[in-house]
Amino acid sequence: MEPVVADRGAARGAGPRHGNLIGGAWRPSSGDAAYAIRNPARPGEILGQFADSTAADVAAAVDAASAATSEWADTPGPQRGAVLWRLADLLETSRDELARIITLEQGKALGEAAGEVGRAAAEARFMAGEASRPTGSTYPSERPGLSCHTVAEPLGVVATISPWNFPVVTPVRKIAPALAWGNTVVFKPASLTPWSAVYLMTLLERAGVPPGVVNLVTGSGSVAGEALIQDRRVKGISFTGSTGVGTHVYEEAARRLARVQLELGGKNPAVVIESEDLDGAAREIVAAAFLCSGQRCTALSRVIVSEAQADALAARILDHVHRIKVGDGIDPGTTMGPLVSHAQLRSVEGYVRGGVESGCDLLAGGRALTKDPEHDGYYYAPTVFDRVPAASPLALEEIFGPVLPILRVRSFDEAMEIVNGTRYGLAASLFTARASYVHEFTRRAEAGMIHVNHGTASQAHVPFGGVKDSGQGAYSIGQTARDFHTNVKAVYVKW
Ligand code: NDP
C-alpha cells in the first residue's frame with residue numbers, strides 16, 4: 001500500500017518520490033526518470049517527485065490489466081460493488097487529507113476540494129449499486145420454443161485519461177463504472193496532478209481492488225498517454241480534457257475501432273431575460289463562473305443578457321465578484337485559489353489583453369495579482385467584461401480562467417443565435433420567469449445539459465456530457481455510463 005518507492009535520485013528538498021502502481025506493486029519508471037510538481041500558490045515549493053513513465057511502463061501496465069481481466073469479470077457483480085462501497089467509505093473518511101493534497105497540487109480552495117472528494121464518494125457509491133442491478137433484458141420471441149435475452153459484458157482493459165482541474169472526481173467517475181461492470185483499468189492522470197492519483201490508488205488498494213485490476217502510470221501525455229491510446233489491447237478510452245487532444249484520441253481509437261468516451265471543452269452560456277430575481281441569477285452565475293478559478297469545463301463563461309436587464313445584472317454580478325477572496329487555497333478564508341500553472345496564467349493574460357485592446361468594457365479585474373508569479377503564485381483577479389461583441393474570442397473560446405464576458409442582446413432569438421454560435425455544446429443556463437422561454441431554450445439550446453434558474457452544477461447520478469465539440473460517446477455519471485463500459489451480447493436459446 002506504500003506509494004513512496006524510494007528517495008533515490010530525488011534532489012534534496014524535492015519531496016518524497018512516488019512510483020507507478022502496476023500489477024499491485026509500486027515501482028519507479030523503467031528508465032528511473034522522475035519529475036517534480038509544484039504548489040501553484042507557492043511555486044518554489046516542490047511537493048514531490050513522480051514517475052516519468054515510458055512506453056515500456058505503459059505496456060507493463062496494460063500487461064497487468066490484461067492478465068487481471070477474466071478473474072475480475074468473473075467476480076460476482078455484488079462483490080465488485082462491495083469494493084466500490086468500501087472505496088466510497090474511504091473517500092469520505094479520508095476527505096480532509098485528500099482535499100489538502102488537491103489544494104496543494106491544483107490550487108483550488110480547500111472547501112471546494114473537500115466538496116470534490118465528497119462528490120467522488122457519492123459517485124462511487126452510486127456505481128457500487130449499479131454492480132448489482134440488471135445488465136440485460138428479455139425479449140418475446142418470434143418463434144415458439146426459443147427465448148431471447150441480452151447480457152452486458154465488460155470490454156476488457158479500458159484507459160482512464162484525466163485532466164488536472166478535478167484530479168479526484170474525474171478519475172473516480174471513470175474508474176468506478178469500469179470496475180462496476182467488470183473491466184480493468186490503466187489510469188494516466190494529468191501530469192500536473194499525479195499526487196491525488198497516487199493517493200486515490202492507495203484507497204483503491206485498501207478497498208480491496210485485486211492486483212492488476214487498476215494500474216497507475218504517471219507522466220506526460222505525449223509519451224505515456226500516447227502509448228496508452230496506441231495500445232491495441234486497450235478496448236475503450238475514457239478521456240476528459242481539451243477538444244484538441246480529445247480529437248486526436250478519437251482518431252487513434254478509430255484506427256482500431258476502439259470505443260471512446262470523450263468529455264471535452266465548453267463555452268457555457270447563461271442567458272438572462274425577463275428574470276424576476278436578478279440577484280439570485282447573479283449569485284448563481286458568479287459561483288458557476290469563478291469556482292476553481294474558472295477552470296471547469298462546465299464553468300459559465302459568457303453571460304447573454306437582454307438590454308433591458310443588462311445594467312442591473314452587471315451591477316449585481318460585480319457585487320458578488322467583489323466578495324470573492326483570492327488567496328492560497330489552504331487558508332480557510334479563501335474562496336478562489338491561484339490558477340494551476342504559469343502557462344494557464346499567461347493564456348488568461350492573453351485573452352484579457354485582447355479584450356481590452358478590442359475595446360470591451362473592463363468592469364473588474366484584468367490583471368495578475370502577483371508581480372513575480374513564479375515566486376508568489378499564479379493568482380489572477382476575477383475579471384468581468386461588458387459589451388463584448390459576439391465575434392470576440394472572449395465570447396467564443398474556452399478561456400479556462402476567471403474571466404466572465406457579458407454580451408447584450410435585443411431579443412430572445414438573438415440570444416439563442418449566440419448560445420448556439422460556438423463550436424461547443426456542454427452546458428447552458430437560462431434565468432427567466434417566463435415559461436415559454438424555458439421550453440424554447442430547452443428545445444433549441446445545443447447543449448448536453450440544460451439548467452433553468454441555476455448555474456451549471458451536476459448531480460452524482462444524472463447523466464453528464466456534451467454535444468458538438470464538447471463530447472463524444474456515452475454520457476458519464478449514472479446509468480448511461482454502461483453504454484461505454486459494456487458490450488451487449490444477444491442470446492437465443494432453443495429448448
Ligand atoms: P489536455 O487535453 O491537455 O489533457 C488531458 C489529459 O490528456 C492529460 O492527462 C494529458 O496529459 C493527456 N494527454 C495530452 N496529450 C495526450 C496524447 N497525445 N495522448 C493521450 N493523452 C494525452 O487537457 P487539460 O489537462 O489541459 O484540461 C483542460 C481541458 O479539459 C479543458 O479544455 C476542459 O474543458 C477539459 N475538461 C472537460 C471536462 C468535461 O467533462 N467535458 C471536465 C474537465 C475538463 P498531460 O497532463 O501530461 O498533458
Side-chain angles (χ1 to χ4, degrees), residues 35 37 50-53 55 58 105-106 108 116 119 123 159-174 186-197 216-231 234 237-253 258 260-268 291-301 339-341 343-345 347-348 397-401 422-427 447-449 456-458 462-477 481 484:
Y35 71 100
I37 61 159
F50 294 83
D52 197 0
S53 302
V58 172
E105 69 175 353
Q106 200 278 340
K108 68 177 69 173
E116 176 178 346
R119 164 56 81 84
E123 293 194 19
T160 283
I161 302 179
S162 59
W164 41 259
N165 57 349
F166 286 94
V168 170
V169 78
T170 303
V172 168
R173 184 170 295 165
K174 297 174 185 304
V186 178
F187 169 29
K188 206 300 278 177
S191 44
L192 288 173
T193 52
W195 193 8
S196 306
L216 172 75
V217 278
T218 59
S220 75
S222 56
V223 176
E226 193 64 37
L228 188 53
I229 64 173
Q230 304 271 359
D231 195 309
V234 173
I237 304 168
S238 183
F239 170 89
T240 299
S242 61
T243 297
V245 177
T247 306
H248 171 64
V249 169
Y250 198 12
E251 287 167 354
E252 291 304 318
V260 294
Q261 179 182 51
L262 306 175
E263 314 244 315
L264 310 174
K267 186 69 186 172
N268 312 298
L291 270 173
C292 200
S293 305
Q295 303 166 117
R296 294 193 311 143
C297 57
T298 49
L300 281 176
S301 51
L339 292 167
V340 74
S341 65
Q344 203 63 23
L345 179 74
S347 163
V348 169
E397 294 174 20
E398 183 183 48
I399 300 172
F400 230 54
T422 77
R423 60 195 288 225
Y424 296 111
L426 191 56
M449 295 170 284
T456 46
S458 59
V462 181
F464 178 98
V467 298
K468 296 163 73 178
D469 283 4
S470 290
Q472 184 54 251
Y475 281 17
S476 64
I477 310 190
F484 169 75

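Both ligands and their constituent atoms are indexed starting at 1 by order of listing.
Remark: minimum distance from atom 15 (N) of ligand 1 to any protein heavy atom is reached at Val245 CG1, 3.6 Å. With respect to atom 3 (O) of ligand 1, the closest heavy atom belonging to the protein is Ser242 OG, 4.0 Å. Here the heavy atom of the protein found nearest to atom 35 (C) of ligand 1 is Gly241 O, 3.1 Å. Nearest to atom 7 (O) of ligand 1 among the protein's heavy atoms is Phe239 CE1, 3.2 Å. Remark: minimum distance from atom 45 (P) of ligand 1 to any protein heavy atom is reached at Ser191 OG, 3.4 Å. Looking at atom 12 (C) of ligand 1, its nearest protein heavy atom turns out to be Ile161 CG2, 3.8 Å. Scanning all protein heavy atoms for the shortest distance to atom 21 (N) of ligand 1 gives Gly225 CA, 3.7 Å. At the top of the distance list for atom 36 (N) of ligand 1, counting protein heavy atoms only, stands Cys297 CB, 3.6 Å.
Between Gly221 and ligand 1, at least one N/O pair is under 3.5 Å apart. Residue-to-ligand polar distances keep Ser220 apart from ligand 1: every N/O pair is separated by 3.5 Å or more. Between Trp164 and ligand 1, at least one pair of N/O atoms sits closer than 3.5 Å. By the 3.5 Å distance cut-off applied to N or O atoms, Leu264 is counted among the residues near ligand 1. Checking only distances, Glu226 does come within under 3.5 Å of ligand 1, N or O to N or O. On a distance-only criterion, Ser222 and ligand 1 share no N/O pair closer than 3.5 Å. Of the N or O atoms in Lys188, one or more lie within a sub-3.5 Å distance of an N or O in ligand 1.
Ligand 1 places these atoms under 4.0 Å from at least one heavy atom of Ile229: 19 (N). Under a 4.0 Å criterion applied to the non-hydrogen atoms of His248, ligand 1 contributes the atoms 18 (N). Close contacts between ligand 1 and Gly219 involve ligand atoms 47 (O) [criterion: under 4.0 Å to a heavy atom]. Per-residue contacts place Phe464 under 4.0 angstrom from the following atoms of ligand 1 (heavy atoms of the residue considered): 40 (O). The contact set between ligand 1 and Asn165, taken as ligand atoms under 4.0 Å from a residue heavy atom, comprises 43 (C), 44 (C). Close contacts between ligand 1 and Glu263 involve ligand atoms 37 (C), 38 (C), 39 (C), 40 (O), 41 (N) [criterion: under 4.0 Å to a heavy atom].
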Where do Glu263 and Tyr475 land on the side chain to side chain contact (heavy atoms under 4.5 Å, CB included) test, with the steps shown first? CA-CA 8 Å; Glu263 314 244 315; Tyr475 281 17; 5.5 Å; no
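In this structure, Thr160 contributes its side chain and Pro171 its backbone to no donor-acceptor pair below 3.5 Å. Between the side chain of Gln295 and the main chain of Cys292, a donor-acceptor pair closer than 3.5 Å is present. Counting only distance, with no hydrogens or angles, the side chain of Glu105 and the backbone of Trp195 share a donor-acceptor pair below 3.5 Å.
Residues Ser470 and Gly265 come closest through the heavy atom pair OG-O, 2.6 Å.
Ligand 1 has at least one atom lying under 4.0 Å from a heavy atom of Ser162. Close to ligand 1: Thr240, with a non-hydrogen atom less than 4.0 angstrom away. At least one heavy atom of Pro189 sits closer than 4.0 Å to an atom of ligand 1. Note on ligand 1: Gly465 sits outside its first shell, no heavy atom being nearer than 4.0 Å.
Using a 4.5 Å heavy-atom threshold, the side chains of Ile161 and Leu228 count as touching. Between Ile229 and His248 there is a side-chain heavy-atom pair separated by less than 4.5 Å. Contact of the Arg296 side chain with the Phe166 side chain is registered, since non-hydrogen atoms from C-beta on lie closer than 4.5 Å. Considering only heavy atoms from C-beta on, Tyr424 stays 4.5 Å or farther from Leu264 through its side chain.
At a distance under 4.0 Å, a protein heavy atom can be found next to atom 23 (O) of ligand 1.
Distance OG1/Thr218 to CG/Asp52: 7.5 Å, rounded to 0.5 Å. Rounding to the nearest 0.5 angstrom, the gap separating the CG atom in Asn165 from the OG atom in Ser293 is 11.0 Å.
Between Phe400 and Trp164, the ring planes are perpendicular. Angles over 60° get that label, and only those under 30° would be called parallel.
A salt bridge does not link Glu398 to Lys267: none of the charged nitrogens lies less than 4.0 Å from a carboxylate oxygen.
The number of heavy-atom neighbours closer than 6.0 Å to OH of Tyr35, taken from other residues, nucleotides and ligands shown, is above 12.
A cation-pi arrangement is absent between Lys188 and Phe239, since the terminal nitrogen or guanidinium carbon is not both under 6.0 Å from the aromatic centre and inside a 45° cone about the axis.
Here atom 32 (O) of ligand 1 lies nearest to Glu398 when heavy atoms of Glu398, Gln344, Gln230, Arg296 are compared.
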